[in-house]
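To keep things clear, I will list the structure first and then write my remarks on it.
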Amino acid sequence: MEIQENISLQPYNTFGLQATARYFVEVNTLEQLVTVLKDNTFQNLPRLFLGGGSNILLTKDFEGIVIKINLQGIEKQQENELHVWLKAGAGVVWHNFVLHCIAQNWAGVENLSLIPGTVGAAPMQNIGAYGVEIKDVFDELEALNLSTLQIEKFALDDCQFGYRESVFKHIYKNQYVILSVTFRLNKTPNFHIEYGAIKDTIAEMGVQQLSIKAISDAVIHIRQSKLPNPAEIGNSGSFFKNPEIPIAQFQALKERFPAMVSFPSITPALIKVPAGWLIEQAGWKGFKDGHIGVHAKQALVLVNYGGGKGNDIKALSEKIQASVFEKFGILLHPEVNFI
Ligand code: EPU
């Protein structure tokens with residue numbers, strides 16, 4: 001294990017932003033992680049735990065230690081006639097986990113194909129796409145308590161998953177590091193193809209027999225057609241959460257903007273409005289200012305064309321928030337974490 005100093009974080013965040021970490025270390029085992037956490041040199045310094053760096057906006061240099069969690073491995077824990085339980089290390093690349101499941105014909109995560117990031121980061125914000133969220137296949141996770149350095153288990157209810165939410169973003173913020181996640185996959189698939197363009201894409205692909213592989217291929221096709229590849233254009237997926245507003249507010253807005261799109265919320269008194277639609281209506285889709293901008297095919301995605309600054313993206317996000325608020329009276333909340 002090598003502790004490096006004054007390291008550029010550019011390769012470690014999908015926005016491709018330049019920021020320097022005072023210290024940087026990649027840990028491959030629990031023992032290495034505990035050694036770093038016990039090291040006196042870093043006791044009073046801020047810590048940043050990093051997975052794939054796909055949900056952060058670096059606005060300045062980091063004057064502490066960045067710990068990249070690289071715990072690997074996918075193990076079958078148990079199985080019965082209906083299910084198989086897989087435990088994956090926090091550092092496993094999420095899409096590789098999805099591909100592993102599809103190759104074995106274990107269903108449940110096919111709709112979550114190609115989401116950037118790692119297994120350990122996935123429960124933090126209950127990643128979701130195309131009608132499925134990680135909570136639907138979640139069994140339990142193991143996390144290291146940063147005060148006691150003991151491993152604790154969290155069952156489904158302990159995590160309090162919501163739309164892009166969990167306890168790890170709120171009451172337990174900065175108190176735990178996720179080490180592994182156990183998923184319960186299905187041996188018989190329960191297909192989810194109602195959301196968005198999945199059904200049409202599968203038809204266009206000429207699929208005869210529906211399968212989890214076909215759904216995964218369709219999701220990959222849709223994502224690649226709308227979302228910029230971070231290897232080519234820096235971004236971190238959806239920048240804001242889709243806002244949920246009271247039904248009365250939605251009805252009043254719908255009178256003024258009849259084309260307004262909406263989705264049901266899990267909370268019955270609320271309606272979910274796509275932030276991408278609001279941002280596009282406020283005139284930002286395809287906006288470009290020097291090195292940064294708003295993606296031309298998906299207005300919810302802010303982009304760094306190369307050489308952009310985190311603070312400029314932050315300033316752009318604030319302008320977008322202000323103009324959406326002025327037009328619709330809706331305040332957008334970032335999904336991305338500002339560092
Ligand atoms: N829309 C527009 N203009 C745009 C973008 C979207 O009018 O520029 C409208 C679309 O017409 C559509 C609606 O907004 O009716 C929803 O768009 P889309 O299906 O692209 O999904 P989204 O709501 O923008 C959410 C997630 C994505 C996830 C997709 C598919 C959030 C914050 N984002 O995006 O997740 O992949 O649904 O399920 O919930 C992410 O979290 O980083 C992410 C990419």
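Residue numbers run from 1 in the order of the sequence given. In each ligand, atom 1 is the first atom listed, and ligand 1 is the first ligand listed.
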Does H221 have more than 12 heavy atoms from other residues, nucleotides or ligands lying within 6.0 Å of its NE2?
no
For L114, which fellow cluster members are found when Ile, Leu, Val, Met, Phe, Trp and Tyr are connected by side-chain heavy-atom distances below 4.5 angstrom, either directly or through intermediates?
I220
Atom indices of ligand 1, in the order listed, that fall short of 4.0 Å to a heavy atom of F240:
32 (C)
Contacting atoms of ligand 1, where contact means under 4.0 angstrom from a heavy atom of K285
3 (N), 4 (C), 8 (O)
Please determine whether the number of non-hydrogen atoms from other residues, nucleotides or ligands lying under 6.0 Å from atom NZ of K241 exceeds 12.
yes
For Q298, which part has a heavy atom under 4.0 Å from ligand 1: side chain, backbone, both, or neither?
both
Candidate with minimal heavy-atom separation from atom 35 (O) of ligand 1, of K297, Q125, R164, Q281
R164
Exceeds 12 heavy-atom contacts within 6.0 angstrom, atom CD of E255:
no
What residue and atom, counting heavy atoms only, is the protein's closest point to atom 3 (N) of ligand 1, and at what distance?
E280 OE1, 2.6 Å
Under 4.0 Å to a heavy atom of Y163 - the qualifying atoms of ligand 1, by number:
31 (C), 32 (C), 39 (O)
Kindly assign one of parallel, tilted or perpendicular to the pair W277 and F328, based on the angle between their ring planes and the thresholds 30° and 60°.
tilted
Mind telling me whether H83 and W85 have parallel, tilted or perpendicular rings, with 30° and 60° as the class edges?
perpendicular
Please state whether the rings of F138 and F161 are parallel, tilted or perpendicular, taking 30° and 60° as the class boundaries.
perpendicular
Taking the six-membered ring for Trp, are F287 and W284 parallel (under 30°), tilted (30 to 60°) or perpendicular (over 60°)?
perpendicular
Per-atom filter on ligand 1: closer than 4.0 angstrom to a heavy atom of Y195 are 30 (C), 37 (O), 38 (O)
Based purely on interatomic distance, does A299 place a nitrogen or oxygen under 3.5 Å from a nitrogen or oxygen of ligand 1?
yes
For ligand 1, which atoms, with element, lie under 4.0 Å from some heavy atom of R223?
36 (O), 44 (C)
Under the 4.0 Å line, does any protein heavy atom show up next to atom 26 (C) of ligand 1?
yes
Write out the residue and atom name of the closest protein heavy atom to atom 18 (P) of ligand 1, then the distance separating them to 0.1 Å.
K226 NZ, 3.7 Å
Could you check whether atom NZ of K314 has more than 12 heavy atoms from other residues, nucleotides or ligands sitting under 6.0 Å from it?
no
Among E75, E140, E142, whose salt bridge (Lys or Arg N to Asp or Glu O under 4.0 Å) with K87 holds?
E142
Which other residues belong to the hydrophobic cluster containing L99, where Ile, Leu, Val, Met, Phe, Trp and Tyr are joined when side-chain heavy atoms lie under 4.5 Å apart, directly or via other members?
none
Under-4.0 Å protein heavy-atom contact, atom 11 (O) of ligand 1:
no
Which one of M260, E335, K272 has a non-hydrogen atom at the shortest distance from atom 32 (C) of ligand 1?
E335
Note the single closest protein heavy atom to atom 15 (O) of ligand 1, along with its residue, its atom name and the distance in Å.
V261 CG1, 3.7 Å
Regarding atom 44 (C) of ligand 1: of the candidates G237, G276, S238, which has the closest heavy atom?
S238
Among A275, A296, A129, which one has a heavy atom closest to atom 28 (C) of ligand 1?
A129
May I ask you to identify the nearest protein heavy atom to atom 23 (O) of ligand 1, giving residue, atom name and distance to one decimal place in Å?
N242 ND2, 2.8 Å
Would you kindly specify which portion of P274 sits under 4.0 Å from ligand 1, judged on non-hydrogen atoms: side chain, backbone, both or neither?
side chain
Crowding at NZ, K297 (>12 non-hydrogen neighbours, <6.0 Å):
no
Heavy-atom proximity to atom 7 (O) of ligand 1, best of W277, W284, Y130:
W277
Is_contact(atom 40 (C) of ligand 1), protein non-hydrogen, under 4.0 Å:
yes
